[in-house]
Number of protein chains: 2
Amino acid sequence: MAQEPDPVAKKSRAPSMHDVARLAGVSHQTVSRVINDLPNIREETKQRVLDSMEQLQYRPNRAARALVTSRSRTIGILTASRTNYGPAASIQAIEDAANAASYSVTTASISGYESTAIVRAIDRLLDQAIEGLVVIAPQRRVFDTLAGMSLRLPIVTLQSTAADDDMSLSVDQILGARLATRHLIELGHRSIYHLAGPQDWIEAEARMTGFLDEMSAQDMPTTAPILGDWTAEFGYFAGRELLRMRDFTAIFAANDQMALGLMHAIRDGGLEVPGDVSIVGFDDIPDAAHFWPPLTTVRQDFAELGRRCMALLLGGLESGEEYSGSILPTLIARGSSAAPSTR
Amino acid sequence: MAQEPDPVAKKSRAPSMHDVARLAGVSHQTVSRVINDLPNIREETKQRVLDSMEQLQYRPNRAARALVTSRSRTIGILTASRTNYGPAASIQAIEDAANAASYSVTTASISGYESTAIVRAIDRLLDQAIEGLVVIAPQRRVFDTLAGMSLRLPIVTLQSTAADDDMSLSVDQILGARLATRHLIELGHRSIYHLAGPQDWIEAEARMTGFLDEMSAQDMPTTAPILGDWTAEFGYFAGRELLRMRDFTAIFAANDQMALGLMHAIRDGGLEVPGDVSIVGFDDIPDAAHFWPPLTTVRQDFAELGRRCMALLLGGLESGEEYSGSILPTLIARGSSAAPSTR
DNA sequence: TCACCGTTTGTGAACGTGAACAACGATGAG
DNA sequence: CTCATCGTTGTTCACGTTCACAAACGGTGA
């Protein structure tokens, strides 16, 4: 409304270091020293500068600093589908860790399915002169595109097992999938399906590998996994399809959403979970405990992932240390899995 | 200067405008003109410059540009709980719209409950010299803090009805709540509870207001709403508590997660949804259609919200136009609501 | 031939900060 | 008394870009 902050200052320009210096009666360099907490400043001078900064509501100009130091203090996050719980939780954790190290974060999400969309997203981040890159929930194509660009910055990929040459950090997806599968086998199931994620996703691939590994380790016959798209919607339709041949007693879904859709379909088909079919998911999203029935699933500690991710990135210069990070997932058994009744 | 154009450029510095200019045989200013697409450049010159840029893999230095123009082309998003679907979807939409207008986005999430956390988050954004601010899912305290700081930049608040003097844009939460409530009343319910969001949230308040408005408009007796925290976990405990006095046939929950928890509790208590109790949620998160039973809820178009938000922000200078934005929510009736059987 | 014009291009100065170096005063040793 | 030293502060430059202005160029009409 009233656009009259103060009658005098017609200067809309924000106060600069020089303004502070003038007010404090020192040179701008002294102000700079105070800001960056350099030694050899008389306490009294320092205080005077701090007072002036306070009085003028001074804020360092990030752009000027970035220009002269050629450091942006920004890290980029490349992600697909940030509305899903997993990626969102990871982003949150990374942002917190980055802020703690006085870095800031920008995200670019890959919109659409064309591979130009990947390049565009990376370009957006590069335009920001990011100093490090975190790739969340990468698809194979993203990974390939990235490798082809040969960027000169530290890259950490999350939730990937394909640690070729980049730094990589992940919850051990294969182990998680094995835990889920073993759980079903130990309950007595002999015919188990796997509803996997999209083919392109490294994460999905790892879970599928874990499933197949465990099945063959226990000498179980395996059927070809069904490739889904992470959504509950797909889980529902896949479930309806599967019900036409009732040759299974359990399904391991690659994430909780698809598991939810499956359970819906199974009930719609007149069967019960876990009475007729056991279901296990993956992720342990906060809602999973309140699905009906509460979902047995594999928990990933996303927050821990984000923290370690930043640690890895910030330590990227003194590399070599603590390189291979892997966080162990845990199985959370709830009501959606039980021994098969048809035995 | 004896600057040999040495073939083994040890200079790790990124190429600048001058490098491009030298290669193209023009002045840096001409390069600048090409980049910014200014008129009055000979086509041939332009092409030569573009070729040089390509050859050197030149990228404009964002910091330098920001410094001289004093425009950061960055907008900030202030949010709490970005792992929830609603905020996440809004952020996504805003980011897309911002990118389309060649702005970039930084987020700051309010971590913790102390009010200093709010100030810290805002400070982080201000340090980035944001040109505009979007506040998502604001709590009353955030709103107050913001007002107290009297920032000199356009602010858009999302999902708020408290449009005092700031620009504000929202899905009409009151209307949404009225739709949900009316739906239950029309089904024949007479005793309806409301499980509200946290007291501090403007959004929660609006939904509560809508509920109370509709109830009194239809001459229904109202009970005091229960204040929750948006989580399924809380919904579950509230549900168990409510079951001890069975004086209701329907509950309107302020979001889908709490509705999920409620349904869980009700089933745990030996009752059925919607047979014994009807449930209505709010948001229409993607999973809601696959809850058991599928959840009747109120849909908000988050993507549209994000788009309009950016339009409002970018048009902030030529203000006055199309000021009051309100997007209409719609009721999605599914299986969790039905006529009361106890009549 | 010259003055004038529009188009195209170049020159110099900012912007706000940090780094290198210089300068200053006080102190103490010789 | 001189000189080296140390702690503190100031001066100057560079970072890569845009902006304001000037200059060069070719064409046109008097």
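Below, all heavy atoms of this structure are taken into account, side chains as well, without hydrogens, waters or symmetry copies. Letters go in sequence order (proteins before strands), and every chain restarts at 1.
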Quiz item: A:Ser104 versus A:Arg62: any side-chain heavy-atom pair under 4.5 Å?
Solution: yes
Exercise. Would you mind classifying the nucleic acid contact of B:Leu67 as base, sugar-phosphate or nothing, using non-hydrogen atoms under 4.0 angstrom?
Key: base
Exercise. Have a look at A:Ser70 and say if it touches a base, only the backbone sugar-phosphate, or nothing, with a 4.0 Å heavy-atom cut-off.
Key: nothing
Quiz item: Atom CZ of A:Arg42 to atom P of C:dG25: distance rounded to whole Å?
Solution: 13 Å
Are [X] and [Y] close enough for a salt bridge, meaning some N to O gap below 4.0 Å?
X	Y	answer
A:Arg307	A:Asp96	no
A:Glu114	A:Arg120	yes
B:Glu131	B:Arg73	no

Under 3.5 Å donor-acceptor pairs involving side-chain atoms of residues 38-47 of chain A, not counting sequence neighbours:
from    : atom 1 : to      : atom 2 : distance (Å)
A:Glu44 : OE2    : A:Arg48 : NH1    : 3.2

Self-check item: Contacts of type side-chain hydrogen bond (donor to acceptor under 3.5 Å, both in side chains), residue B:Asp200, not counting sequence neighbours
Solution: B:Arg141
Quiz item: Who pairs with B:Gln55 by side-chain hydrogen bond (donor to acceptor under 3.5 Å, both in side chains), at least two apart in sequence or on another chain?
Solution: none
Which donor-acceptor pairs under 3.5 Å do the side chains of residues 86-93 of chain A make with protein atoms, sequence neighbours left out?
from    : atom 1 : to       : atom 2 : distance (Å)
A:Ser90 : OG     : A:Gly86  : O      : 3.1
A:Gln92 : OE1    : B:Ser109 : OG     : 2.6

Quiz item: Can you pull the contact range of chain A along DNA chain D, 5' to 3', using atoms under 4.0 angstrom from its heavy atoms?
Solution: D:dT8 to D:dG16
Quiz item: If the sugar-phosphate is the primed atoms plus P, OP1 and OP2 and the base is the rest, what is the B/S/- string for nucleotides 17-23 of chain C, using protein heavy atoms under 4.0 Å?
Solution: BBBB---
